[in-house]
There are 4 protein chains.
Amino acid sequence: MYIRIQPNSETPIYTQLIYQIKRGIIKKELLPGEGLPSVRSLAGDIGINMHTVNKAYKLLVEEGVLAQQKKGFMVNPNLMIEMNQKYLHNYRERLEELLIDAKIFNLTEESISKMRNEIENTLKESDKS
Amino acid sequence: MYIRIQPNSETPIYTQLIYQIKRGIIKKELLPGEGLPSVRSLAGDIGINMHTVNKAYKLLVEEGVLAQQKKGFMVNPNLMIEMNQKYLHNYRERLEELLIDAKIFNLTEESISKMRNEIENTLKESDKS
Amino acid sequence: MYIRIQPNSETPIYTQLIYQIKRGIIKKELLPGEGLPSVRSLAGDIGINMHTVNKAYKLLVEEGVLAQQKKGFMVNPNLMIEMNQKYLHNYRERLEELLIDAKIFNLTEESISKMRNEIENTLKESDKS
Amino acid sequence: MYIRIQPNSETPIYTQLIYQIKRGIIKKELLPGEGLPSVRSLAGDIGINMHTVNKAYKLLVEEGVLAQQKKGFMVNPNLMIEMNQKYLHNYRERLEELLIDAKIFNLTEESISKMRNEIENTLKESDKS
DNA sequence: GTGGTCTAGACCACA
DNA sequence: GTGGTCTAGACCACG
């Protein structure tokens with residue numbers, strides 16, 4: 001599983017990491033129950049600080065995406081997660097902002113569908129992991 | 001036009017303000033070419049810092065939603081705005097994150113459609129502005 | 001409100017801090033809605049690192065004891081907190097360990113009651129805060 | 001005597017083991033003077049690391065619960081143990097934390113009594129050891 | 001080996 | 001001014 005971080009992006013590194021990991025899970029490059037690289041090794045590999053990786057992992061545990069064992073983190077084996085109330089509220093707000101921007105900037109249904117399809121193509125299971 | 005700010009929300013106040021204004025434009029409570037309240041008066045009315053209002057206005061000008069005149073700000077009279085490249089990229093990222101979260105948290109198409117409809121209902125033109 | 005930290009204790013500093021703050025709330029030295037010192041100032045006052053204070057505050061927010069505003073932390077104004085399931089389970093385990101130790105070390109009911117009373121005396125509202 | 005370890009619990013394995021053994025003594029499944037399984041065999045039986053069992057045994061010796069012989073460990077034949085000063089201090093702190101949490105989270109006397117009774121029921125002597 | 005805790009210090013976002 | 005993010009590096013607990 002490849003993880004690419006853009007150090008100069010506006011989105012915090014730990015957020016980028018969170019979505020890269022979720023991405024890996026969706027693409028089945030990371031399977032339920034599978035262990036993740038240790039905070040230190042991953043940090044070393046992608047050239048960021050250990051604490052940043054740790055924060056991402058911890059937040060994913062809080063969301064229910066990862067689970068923490070005595071020894072390291074793993075993908076939650078029971079991936080039937082539900083959003084909690086707070087997260088759902090947040091999701092709605094983000095959706096609302098997208099819809100507002102679409103209207104203000106006259107994005108057509110088609111162009112949005114196109115983007116959406118392009119994105120979903122990148123989320124498909126790859127044959128070789 | 002009513003502007004409601006939640007001071008203790010996680011979303012920064014200037015962001016909330018930006019979307020409230022966009023919202024007003026979509027609902028035609030603010031018309032193209034119409035002037036906005038002065039930074040100072042708006043800040044006073046809704047009880048927030050002057051700099052915060054200023055930041056929101058400036059960013060809206062950057063996006064092309066507002067125009068800055070000699071004296072004050074107005075809604076861009078030519079509301080055929082296109083997103084610039086940077087904003088479009090940002091939009092795509094936000095959409096991507098929503099799609100990823102939907103898949104990870106097993107949101108159904110239905111529940112998303114429902115949310116979407118509810119939101120769009122709040123964006124309809126109101127009879128009295 | 002006085003906060004005393006024992007740097008060489010086995011209990012982590014942030015845990016000590018958490019209980020000191022809860023203590024302050026119980027003794028009504030900290031009232032619902034009241035603001036807490038900034039992470040940096042408190043850290044400076046008691047001679048520990050900012051991040052340690054921050055961790056304690058964050059955990060207290062998670063427990064529902066504190067609330068976080070745009071600007072700083074405050075005691076949750078609606079202090080009708082309930083333990084969540086996980087915390088309740090943890091509480092039960094801690095109680096179980098105490099009961100087991102009491103039996104193994106032949107602590108009498110009286111001596112426990114005595115300790116308990118002594119502790120509760122230190123938790124009473126003080127006249128001057 | 002059954003020992004059940006939850007490898008993914010938050011409480012360290014050696015702590016769990018300590019309380020399982022104390023539990024066995026209270027339930028008279030382990031009698032004063034009785035020998036304990038060897039470090040190696042117990043570790044093998046419950047599938048944990050040898051060092052972990054050893055740590056638990058050593059700590060129990062320190063507390064006076066177990067005694068170490070030439071060959072192996074046994075339950076202290078003189079089970080009229082008293083807590084040493086350090087342990088008593090620790091006990092008091094743990095009690096204090098429980099009392100503080102009970103007040104902060106509005107636990108009723110009843111619910112605590114209920115928990116307490118449930119726990120004590122699990123500590124009764126069983127007919128067959 | 002793993003994560004947890006703590007420190008010191010930097011720069012940024014927000015109001 | 002506030003907290004948020006990120007870094008670098010140390011020592012400890014656990015298994």
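Proteins come first, then strands; the chains are lettered A, B, ... in the order of their sequence lines, and each starts at number 1.
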Taking the side chain from [X] and the backbone from [Y], do they hold a donor-acceptor pair closer than 3.5 Å?
{"X": "D:Tyr14", "Y": "D:Val53", "value": "no"}
{"X": "D:Tyr19", "Y": "C:Ile100", "value": "no"}
{"X": "B:Ser9", "Y": "B:Gln6", "value": "no"}

ask   = Which nucleotide sits closest to the side chain of A:Gln68: F:dA8, E:dG3, E:dA15?
value = E:dG3
Within the structure shown, what part of the strands sits under 4.0 Å from [X] by heavy-atom distance: base, sugar-phosphate, or nothing?
{"X": "C:Tyr57", "value": "nothing"}
{"X": "D:Ile13", "value": "sugar-phosphate"}
{"X": "A:Met50", "value": "base"}

Earlier contact from the 5' end, DNA chain E, for B:Thr11 and A:Val39 = A:Val39
5′-ward residue of the pair C:Pro12/A:Ser38 relative to DNA chain E = A:Ser38
For [N], take OP1 and OP2 only and decide whether either is under 4.0 Å from a side-chain N or O of [X].
{"X": "A:Gln69", "N": "E:dT2", "result": "no"}
{"X": "A:Asn54", "N": "E:dG4", "result": "yes"}
{"X": "B:Lys55", "N": "E:dA15", "result": "no"}
{"X": "A:Lys58", "N": "E:dG4", "result": "yes"}
{"X": "A:Thr52", "N": "F:dT5", "result": "no"}
{"X": "D:Tyr14", "N": "F:dG15", "result": "no"}
{"X": "C:Lys70", "N": "E:dA15", "result": "yes"}

message = Could you check whether the side chain of C:His51 and the base of E:dG9 have a donor-acceptor pair of N or O atoms closer than 3.5 Å, going by distance alone?
response = yes
query = Checking only heavy atoms, does the side chain of A:Arg40 share a donor-acceptor pair with the base of E:dG4 at less than 3.5 Å?
reply = yes
Report the distance from atom [atom1] of [X] to atom [atom2] of [N], rounded to the nearest whole Å.
{"X": "B:Ile46", "N": "E:dA15", "atom1": "CD1", "atom2": "C1'", "answer": "13 Å"}
{"X": "D:Glu10", "N": "E:dG4", "atom1": "CD", "atom2": "C1'", "answer": "13 Å"}
{"X": "A:Ile18", "N": "F:dG4", "atom1": "CD1", "atom2": "C1'", "answer": "14 Å"}
{"X": "D:Ile5", "N": "F:dC14", "atom1": "CD1", "atom2": "P", "answer": "14 Å"}
{"X": "A:Lys71", "N": "F:dA13", "atom1": "NZ", "atom2": "P", "answer": "18 Å"}
{"X": "A:Leu42", "N": "E:dG1", "atom1": "CG", "atom2": "P", "answer": "17 Å"}
{"X": "A:Phe73", "N": "E:dG1", "atom1": "CZ", "atom2": "P", "answer": "18 Å"}
{"X": "B:Asn49", "N": "F:dG1", "atom1": "CG", "atom2": "C1'", "answer": "12 Å"}

query = Under a 4.5 Å cut-off applied to non-hydrogen side-chain atoms, are A:Leu42 and A:Leu36 in contact?
reply =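 No, their side chains stay 4.5 Å or more apart.
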query = Who is the Watson-Crick or G-U wobble partner of F:dG1, with both distances under 3.5 Å?
reply =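 In the structure as shown, F:dG1 has E:dC14 as its Watson-Crick or wobble partner.
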inquiry  = My understanding is that a pair needs two contacts under 3.5 Å, Watson-Crick or G-U wobble. By that rule, which nucleotide pairs with E:dG9?
reply    = F:dC6
message = Using the ring centroid of each side chain, check whether B:Tyr87 and A:Phe105 are separated by less than 6.0 Å.
response =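 Here the rings of A:Phe105 and B:Tyr87 have centres that are less than 6.0 Å from each other.
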ask   = Salt bridge check: are A:Arg23 and B:Glu96 linked by an N-O gap of less than 4.0 Å?
value = yes
